[in-house]
Amino acid sequence: MIDLLRNVSSPHYVMLAASLPHLPHFERTKRLPIGPERLESRMRLLDAADLDRLHKVRELLSWQRRSDDEAAAMADWCASIDRWQAGEPDAQVRELIGDMMSRRSLLAALRRRRAGLPAPGRHERWGYGPWMGKVRRCWHEAHFGLACRHPWLVRARELMEGGDALELQRLSARLDWDGASNLRRRQPNGYAGVLAYHLHWDVLHDWLRHDAEGARRRLEALVASACPTGFAAGEDA
């Protein structure tokens, strides 16, 4: 049980707080303390407005391009964030999600440049956050001139250049986890506390899924390397 909502009088929020198990740090567990169906059931204890706020945040964070026109798709994503920002009443929640969106955009810029693509055009809205103009102007600088303000970019570039997808995922997960932890410290009660819990759950869920997939690929590679030439894992001699 966790104490998210100590001072909230609504019995529904008290019931929600009492029903949510503790989430260990994503690097220190191998299982989810609560599955997606049970978590979604618990979230229905939120009032309708807060449940809608939660779903909108998760839609933004799980956005996938659905068009072959990348520029149009990214512009649509940014417009969706703008609309959400305009409707979200909590400034600290807006700050956290805005930071997460900006970080995703900076990672996308690293990938775009590594793929040999040119800097975005002056009027192309391809990412979210206050640094997109600087990224375009400093496209050929290693970290877009942002290493002092965003020191994680240095490590992210090293991992990307080295092709270490698992460690890059770990770095991104740590940043998202720490951001949610900070929100929970600042607002342990009410909607913000529930949102922070769900963000932690999302990080843990994604990490366990990627870690399992990575472990399977590493095992397959190990087995394949140990097989005599002409044999593959799972084949009969």
### R103 and D99: CA distance, side-chain angles, deciding distance, salt bridge (Lys or Arg N to Asp or Glu O under 4.0 Å) verdict
CA-CA 6 Å; R103 188 158 57 246; D99 286 347; over 6 Å; no

### Message
Please evaluate residues T29 and W207 with respect to the criterion side chain to side chain contact (heavy atoms under 4.5 Å, CB included), reporting the C-alpha separation (whole Å), side-chain torsions for both, the decisive distance (0.1 Å), and the verdict.
### Response
CA-CA 10 Å; T29 187; W207 175 253; over 6 Å; no

### Message
Pair R53, E59 - check salt bridge (Lys or Arg N to Asp or Glu O under 4.0 Å), show working.
### Response
CA-CA 10 Å; R53 290 166 71 192; E59 286 173 7; over 6 Å; no

### Task
Give the C-alpha distance, both sets of side-chain angles, the deciding distance and a yes or no for side chain to side chain contact (heavy atoms under 4.5 Å, CB included) between V194 and D50.
CA-CA 10 Å; V194 175; D50 283 349; over 6 Å; no

### Message
Under the criterion side chain to side chain contact (heavy atoms under 4.5 Å, CB included), I'd like the reasoning laid out for H205 against D202: C-alpha separation, chi angles, the key distance, then a yes or no.
### Response
CA-CA 5 Å; H205 177 262; D202 287 336; 5.5 Å; no

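Taking hydrophobic clusters as Ile, Leu, Val, Met, Phe, Trp and Tyr residues chained together by side-chain heavy-atom distances below 4.5 Å, L54 shares a cluster with L204. With hydrophobic clusters built from ILVMFWY side chains whose heavy atoms lie under 4.5 angstrom apart, L110 does not share a cluster with V154. Neither L60 nor W126 shares a network with the other; the hydrophobic side chains, linked directly or stepwise wherever heavy atoms of I, L, V, M, F, W or Y lie under 4.5 Å apart, form separate groups for each. Put simply, Y128 and W139 are part of two different groups of oily side chains (I, L, V, M, F, W, Y) that touch within less than 4.5 Å, one to the next. No continuous path of hydrophobic side-chain contacts links L106 to L61 [ILVMFWY only; heavy atoms under 4.5 Å].
When every heavy atom of P33 is checked against every heavy atom of R38, the shortest pair comes out as O-NH1, 4.0 Å. The shortest non-hydrogen separation linking E124 to R112 is OE2-NH1, 3.3 Å.
For the atom pair CZ of R209 and CG of D206, the computed distance is 5.0 Å after rounding to the nearest 0.5 Å. Between R174 atom CZ and Q169 atom CD the span is 12.0 Å, to the nearest 0.5 Å. Here Q92 contributes atom CD and I97 contributes atom CD1; the two are 12.5 Å apart, rounded to the nearest 0.5 Å. Expressed to the nearest 0.5 Å, how far CZ of R114 lies from CD of E161 amounts to 5.0 Å. Between atom CG of residue L183 and atom CG of residue D178 there is a gap of 12.5 Å, rounded to the nearest 0.5 Å. Rounded to the nearest 0.5 Å, atoms CZ (R42) and CZ (R44) are 10.5 Å apart.
A salt bridge between R157 and E141 is absent, with no side-chain N of the basic residue lying under 4.0 Å from a carboxylate O of the acidic one. Classification of D52 and K56 as a salt-bridged pair holds, one side-chain N sitting under 4.0 Å from a carboxylate O. Salt bridge R125/D82: present, at least one basic N to carboxylate O contact under 4.0 Å. Under 4.0 Å is where a charged nitrogen must lie from a carboxylate oxygen, and between R155 and E167 no such pair does.
When H200, H25, R186 are each tested for a side chain to side chain donor-acceptor pair (under 3.5 Å) with S181, only one passes: H200.
The aromatic ring centroids of W131 and F144 lie 6.0 Å or more from each other.
No side-chain donor-acceptor contact under 3.5 Å links R83 to the backbone of C78. With hydrogens and angles disregarded, a donor-acceptor distance shorter than 3.5 Å links the side chain of S62 to the backbone of R58.
Listed by chain and number, the residues in a side-chain contact (heavy atoms from CB on, under 4.5 Å) with L39 are L20, I34, M43, Y197, H198, W201 (sequence neighbours excluded).
Side-chain contact between M74 and P120 is absent, with no heavy atoms from C-beta onward closer than 4.5 Å. Looking at heavy atoms from C-beta onward, L107 lies in side-chain contact with L168 at the 4.5 angstrom threshold. Residues L51 and H55 form a side-chain contact, since some pair of their non-hydrogen atoms from C-beta on lies under 4.5 Å apart. Using a 4.5 Å cut-off on side-chain heavy atoms (C-beta onward), C138 and H143 make no contact. Side-chain atoms of L195 and D90, non-hydrogen and from C-beta on, never get closer than 4.5 Å to each other. You'll find the side chain of S105 reaches within 4.5 Å of the side chain of M132, heavy atoms only. With contacts defined as side-chain heavy-atom distances shorter than 4.5 Å, the pair D176/R104 qualifies. Taking the side chain as every heavy atom from C-beta outward, L96 and L199 approach each other to under 4.5 Å.
The aromatic rings of F26 and W177 lie tilted to each other, with the angle between the two planes from 30° to 60°.
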